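The chains referred to below are lettered A, B, ... by the order of the sequence lines, with proteins before strands, and numbering in each begins at 1. For clarity, every value in this text was computed on a predicted model and none was experimentally measured.
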There are 2 protein chains.
Amino acid sequence: MVTKFGRFTVNGEDMTGKLASQKRVFHNNDDCPIRNVVAQIGDRWSILVLFSLVDEPDRFNSIKRRVEGISQKMLTQTLRDVEREGYVSRTVYPEVPARVEYALTDLGRELIKPLYGLVSWADQNHTTIKSCRDAYDRANA
Amino acid sequence: MVTKFGRFTVNGEDMTGKLASQKRVFHNNDDCPIRNVVAQIGDRWSILVLFSLVDEPDRFNSIKRRVEGISQKMLTQTLRDVEREGYVSRTVYPEVPARVEYALTDLGRELIKPLYGLVSWADQNHTTIKSCRDAYDRANA
DNA sequence: TGCTCTAGTTACCTTATGGTGACCAAGTTT
DNA sequence: AAACTTGGTCACCATAAGGTAACTAGAGCA
């Protein structure tokens with residue numbers, strides 16, 4: 001059996017059809033790819049920072065100006081995190097004053113593709129979701 | 001100009017090409033679809049719970065057994081959240097003892113599609129990411 | 001000398017998130 | 001009557017996440 005989403009692997013295992021049997025257990029430890037990847041980009045700033053580098057590299061203060069509301073501390077922290085994950089590279093140019101350029105790596109560009117699918121969906125559906133929230137809140141007031 | 005990801009809309013605005021001009025600002029307020037949607041499912045349990053309902057509806061304690069490590073409190077909270085977003089429906093059957101069935105809504109099933117893209121990517125690339133982390137940690141020890 | 005730039009770091013504080021364990025109600029079984 | 005079932009709620013606590021503001025380095029410029 002193949003679901004409407006096609007082949008379906010999670011935790012490195014082909015789980016196509018296993019959900020249907022109600023036997024599938026979803027692990028939530030360090031080896032779980034879902035948490036391992038999604039937890040890192042599910043924070044307040046990572047996705048915005050990654051998308052700010054989609055078309056070309058950019059430097060620290062320029063990113064800071066473009067990602068509205070991010071503090072210096074959080075931009076540093078977010079950039080370190082996405083650099084550690086391998087999504088972004090950091091290049092220091094020994095100019096005066098120092099110039100530090102951040103760019104998506106190949107891996108980062110690969111990640112942008114599924115991420116873009118999610119972001120587009122969010123963009124197309126967020127008014128629907130808002131009215132769902134309102135309806136829920138009215139029903140549970 | 002169209003990016004390699006095709007048309008690109010964020011915040012309801014066609015931003016294709018705007019990134020390239022370095023003019024694009026990423027808002028992070030209540031009207032930002034990215035945060036509005038991603039922040040809700042970027043928590044510790046939502047994605048796992050949503051995927052546990054992909055193939056058929058399931059009831060509270062069965063989900064609890066299948067989503068490893070989730071506490072009763074967090075399952076309740078997560079289910080209320082995804083219900084409020086409109087991704088999941090909650091049906092009480094007046095049996096004895098009470099049976100409560102959770103199922104993906106049409107909207108929830110729509111969300112699963114881009115989410116599945118992300119989860120698959122995570123599954124295929126998490127070993128790469130792990131070695132990126134190790135390399136980063138070695139370089140910055 | 002003092003002020004400017006970029007790209008940070010650090011200390012401190014507040015809020016958000018999530019975990020534990022006790023408790024609850026309605027009804028059925030022993 | 002006591003215990004067990006499902007599907008929760010509630011109070012309490014610990015930690016994580018994130019914001020603010022001050023401070024730093026290295027070099028150029030007035």
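- Nucleotides of DNA chain D lying under 4.0 Å from heavy atoms of chain A occupy a range whose first and last members, 5' to 3', are D/dG18 to D/dG28.
- Applying the salt bridge (charged side-chain N to carboxylate O under 4.0 Å, His left out) test to every pair with at least one member in residues 35-52 of chain A, sequence neighbours left out, gives no pairs at all.
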Using a 3.5 Å cut-off and no angle test, enumerate the donor-acceptor pairs between side-chain atoms of residues 96-105 of chain A and protein atoms at least two apart in sequence or in another chain.
unit_1: A/R99; atom_1: NE; unit_2: A/E95; atom_2: OE1; d: 3.1
unit_1: A/R99; atom_1: NE; unit_2: A/E95; atom_2: OE2; d: 3.4
unit_1: A/R99; atom_1: NH1; unit_2: A/E101; atom_2: OE2; d: 3.1
unit_1: A/R99; atom_1: NH2; unit_2: A/E95; atom_2: OE2; d: 3.0
unit_1: A/Y102; atom_1: OH; unit_2: A/R80; atom_2: NH1; d: 3.3
unit_1: A/Y102; atom_1: OH; unit_2: A/R90; atom_2: NE; d: 3.2
unit_1: A/T105; atom_1: OG1; unit_2: A/G86; atom_2: O; d: 2.5
unit_1: A/T105; atom_1: OG1; unit_2: A/Y87; atom_2: O; d: 3.2
unit_1: A/T105; atom_1: OG1; unit_2: A/L107; atom_2: N; d: 3.4
unit_1: A/T105; atom_1: OG1; unit_2: A/G108; atom_2: N; d: 3.0

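- Of the inter-residue distances, the one linking A/Y136 atom OH with A/I129 atom CD1 reads 15.5 Å to the nearest 0.5 angstrom.
- Evaluation of the side chain to side chain donor-acceptor pair (under 3.5 Å) test over residues 67-76 of chain A, restricted to residues two or more places apart or in two chains, returns A/E68-B/H27.
- Nearest heavy-atom pair across B/N36 and B/E85 is O-OE1, 4.2 Å.
- When the side-chain nitrogen and oxygen atoms of A/R80 are compared with OP1 and OP2 of C/dG8, one or more of them lie within a distance under 4.0 Å.
- Distance A/E101 CD to C/dA7 C1': 14 Å, rounded to the nearest Å.
- When all heavy atoms are compared, the tightest approach of B/V54 to B/I112 is CG2-CD1, 3.8 Å.
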Next on the checklist: Using the rule given for side chain to side chain contact (heavy atoms under 4.5 Å, CB included), can you reason through B/I34 versus A/L118, listing the C-alpha separation, both sets of side-chain angles and the distance that settles it, and then say yes or no?
Outcome noted: CA-CA 9 Å; B/I34 301 183; A/L118 185 62; over 6 Å; no

Checklist entry - Stepwise, does the side chain to side chain contact (heavy atoms under 4.5 Å, CB included) test hold for B/Q124 with A/E110? => result CA-CA 11 Å; B/Q124 287 160 34; A/E110 287 300 308; over 6 Å; no

Checklist outcome for this item: Quick tally for nucleotides 16-26 of chain C: nucleotides whose base has a protein heavy atom under 4.0 Å get B, sugar-phosphate-only ones S, the rest -, giving --BBB------

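- For A/R84 and A/D81, the salt-bridge test fails: no basic side-chain N is under 4.0 Å from an acidic carboxylate O.
- At whole-Å resolution of the value, CD1 in A/I63 and C1' in C/dT6 are 13 Å apart.
- The stretch residues 85-96 of chain B touches DNA chain C through B/V96, each having a heavy atom within less than 4.0 Å of the strand.
- The distance from the CD1 atom of B/I47 to the OG atom of B/S52 is 12.5 Å, given to the nearest 0.5 Å.
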